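Below is one structure; the comments refer to it alone.
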Amino acid sequence: MSFLPDIGLIAVLLASGVRLATPIGFAALGGVLAERSGVYNVGLEGMMLWGAFGAAAGTYLTGSPVAGLFAGILLGAVAGLLLALLCVSLAVNQLVAGIAINLLCAGLTAFLARAMFGIAGGGTAVSGFASLPVPYLSGLPLIGPALFNQDPLAYMLPVLVAAITICLYRTQAGLRLRAAGESPRAADSAGVNVTAVRYVSLALSGAFAAAGGCHLVLCQVYIFSEGMSAGKGFIALAAIILGRWHPVGAVVAALFFGLCDALQLQLQFSNPLVPYQIFLILPFAASLVALGWFNKGTRQPAATGTVFDREAR
């Protein structure tokens with residue numbers, strides 16, 4: 001009997017970890033697509049925030065969280081296309097362009113939230129998605145609440161991981177995308193439109209990152225607040241590297257960071273005398289330690305970060 005409280009605590013941590021990892025997982029998937037095509041997407045943080053605002057605004061205006069979800073994803077795709085314009089067509093430094101996207105989205109969402117929701121900048125609650133327990137399976141010990149009592153977007157994430165993995169490694173479209181990130185000149189010689197591939201990849205990258213922001217609003221807090229992405233886009237960048245630019249690895253790494261976040265929340269409640277800021281750094285510290293410990297010998301796609309110019313020889 002003495003072990004029951006511990007089992008219950010572990011079940012709660014696992015369930016919270018999966019929920020907190022879901023937005024990071026969506027953003028990490030988007031980052032994998034972008035970097036596999038040859039473009040760093042440092043703007044994941046801003047795209048998550050942009051998607052969160054789109055979800056809140058769309059739901060607020062229509063009363064439908066489904067409409068809010070599509071609005072957020074659409075805005076994320078637009079942000080991805082803007083990054084493609086800067087990096088692919090205008091050859092702007094990819095890191096600088098990503099930082100510019102982050103700053104633009106932070107400022108624009110703060111302004112628009114205050115204009116739409118009032119001076120509170122997003123304190124208006126919106127409807128969202130409730131948890132959907134799977135009959136019988138949600139009652140399983142430990143893993144039941146974590147895997148089978150989640151919201152619809154959490155269930156969608158593993159489906160997308162499987163679909164993207166099959167697409168990347170089992171289809172011609174995936175081969176073209178990976179070729180654009182490994183050897184764009186060879187891909188171009190084989191008839192692949194590298195520019196189009198990178199545009200599509202970045203649009204999808206923005207859409208996935210925005211879906212992570214939608215999850216924050218529609219499945220976790222049901223309001224929009226300024227800066228609510230709170231560094232999750234940067235943690236997603238660490239998950240991409242830790243996962244070795246593979247969809248499955250990136251989402252598994254995101255789950256690790258989500259569990260760290262759930263742990264720091266639990267530590268805050270169980271240690272009220274300790275300043276909460278000490279626990280807040282746990283996910284970021286874990287990302288640094290994990291990258292330093294497990295990242296040895298990994299190699300990013302060879303052409304990531306480089307500009308492709310068909311006319312250059």
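As a basis for the values below, the full set of heavy atoms in this structure was taken, side chains included, without hydrogen atoms, waters or symmetry mates. Treat the numbers as computed from the prediction; the structure is a model and nothing was measured.
Considering every non-hydrogen atom in both Leu202 and Ala34, the closest pair reads CD2-CB, 3.7 Å. Counting all heavy atoms, side chain and backbone alike, Ile240 lies closest to Gly31 at CD1-CA, 3.4 Å. Scanning all heavy atoms of the two residues, the minimum distance from Arg198 to Ala180 falls at NH2-O, 3.0 Å. Closest heavy-atom contact between Leu75 and Gly54: CD1-CA, 3.5 Å. Of all heavy-atom pairs spanning Ala254 and Ala239, the tightest one is N-CB, 3.9 Å. Scanning both residues, Ala209 and Met48, for their nearest heavy atoms gives O-CG, 3.3 Å.
Taken together through direct or relayed side-chain contacts under 4.5 Å among Ile, Leu, Val, Met, Phe, Trp and Tyr, Val159 and Leu132 form parts of separate hydrophobic clusters. Put simply, Ile164 and Ile166 are part of two different groups of oily side chains (I, L, V, M, F, W, Y) that touch within less than 4.5 Å, one to the next. Residues Val39 and Leu237 do not share a hydrophobic cluster, defined by chaining ILVMFWY side chains whose heavy atoms lie under 4.5 Å apart. No path of Ile, Leu, Val, Met, Phe, Trp and Tyr side chains, each step under 4.5 Å between heavy atoms, connects Val12 with Leu142, placing them in separate hydrophobic clusters. Under the 4.5 Å side-chain contact rule for hydrophobic residues, Phe70 and Leu153 share a cluster.
One finds the CZ atom of Phe26 at 5.5 Å from the CG atom of Leu160 (value rounded to the nearest 0.5 Å). Interatomic distance, Asn149 CG to Leu140 CG, rounded to the nearest 0.5 Å: 11.5 Å. Residue Arg36 holds its CZ atom at 9.0 Å from CH2 of Trp245, rounded to the nearest 0.5 Å. Rounding to the nearest 0.5 Å places CD1 of Ile235 at 12.0 Å from CG of Leu242. In this structure, OH in Tyr40 is found 13.5 Å from CG in Leu83, a value given to the nearest 0.5 Å. Atom CG of Leu69 is separated from atom CG of Leu74 by 11.0 Å, given to the nearest 0.5 angstrom.
No side-chain heavy atom of Thr22 sits under 4.5 Å from any side-chain heavy atom of Gln220. Considering only heavy atoms from C-beta on, Leu85 comes within 4.5 Å of Tyr199 through its side chain. Contact of the Leu157 side chain with the His215 side chain is not registered, since no non-hydrogen atoms from C-beta on lie closer than 4.5 Å. Between His246 and Thr165 there is a side-chain heavy-atom pair separated by less than 4.5 Å. Residues Phe208 and Val32 fail the side-chain proximity criterion, which asks for heavy atoms closer than 4.5 Å. For the pair Pro145 and Val18, the minimum side-chain heavy-atom distance is 4.5 Å or more. Looking at Ser127 and Thr59, their side chains come closer than 4.5 Å, going by heavy atoms from C-beta outward. Taking the side chain as every heavy atom from C-beta outward, Pro247 and Tyr169 approach each other to under 4.5 Å.
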Under the side-chain contact (heavy atoms from CB on, under 4.5 Å) criterion, do Leu44 and Ser205 qualify, and how do the steps go?
CA-CA 8 Å; Leu44 292 174; Ser205 179; 4.1 Å; yes
Candidate pair Leu49 and Met228, rule side-chain contact (heavy atoms from CB on, under 4.5 Å), full reasoning
CA-CA 7 Å; Leu49 191 58; Met228 67 182 301; 4.0 Å; yes
Decide side-chain contact (heavy atoms from CB on, under 4.5 Å) for Leu112 and Trp50; before the verdict, give the C-alpha distance in whole Å, the side-chain angles of both, and the deciding distance to 0.1 Å.
CA-CA 11 Å; Leu112 292 176; Trp50 193 224; 4.0 Å; yes
Report the C-alpha distance between Leu82 and Leu104 in whole Å, list the side-chain angles of each, state the deciding distance to 0.1 Å, and finish with yes or no for side-chain contact (heavy atoms from CB on, under 4.5 Å).
CA-CA 11 Å; Leu82 176 59; Leu104 174 65; 3.8 Å; yes
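With hydrogens and angles ignored, the 3.5 Å screen pairs no side-chain donor or acceptor of Ser183 with any backbone N or O of Ala179. For the pair Arg178 (side chain) and Leu168 (backbone), a donor-acceptor distance under 3.5 Å is present. Here the side chain of Ser138 pairs no donor or acceptor atom with the backbone of Pro135 at under 3.5 angstrom. Without hydrogens or angle criteria, Asp188 side chain to Val194 main chain gives no donor-acceptor distance under 3.5 Å. Side chain of Glu45 to main chain of Lys232: a donor-acceptor pair is present (N/O by atom type, distance under 3.5 Å, no hydrogens or angles). Although no hydrogens or angles enter the test, the distance criterion places no donor-acceptor pair under 3.5 Å between the side chain of Gln266 and the main chain of Ala262.
Looking at Leu216, Leu265, Leu255, Leu259 one by one, the single match for side-chain contact (heavy atoms from CB on, under 4.5 Å) with Leu20 turns out to be Leu265.
With a 6.0 Å radius and a threshold of 12 heavy atoms from other residues, nucleotides or ligands, Tyr155 has its OH atom above the threshold.
Val78 belongs to no hydrophobic cluster, as no Ile, Leu, Val, Met, Phe, Trp or Tyr side chain comes under 4.5 Å of its own.
Thr304 and Glu35 form no side-chain donor-acceptor contact under 3.5 Å, judged by distance and modelled atom types alone.
Aromatic pair Phe224/Phe117: ring centres not closer than 6.0 Å.
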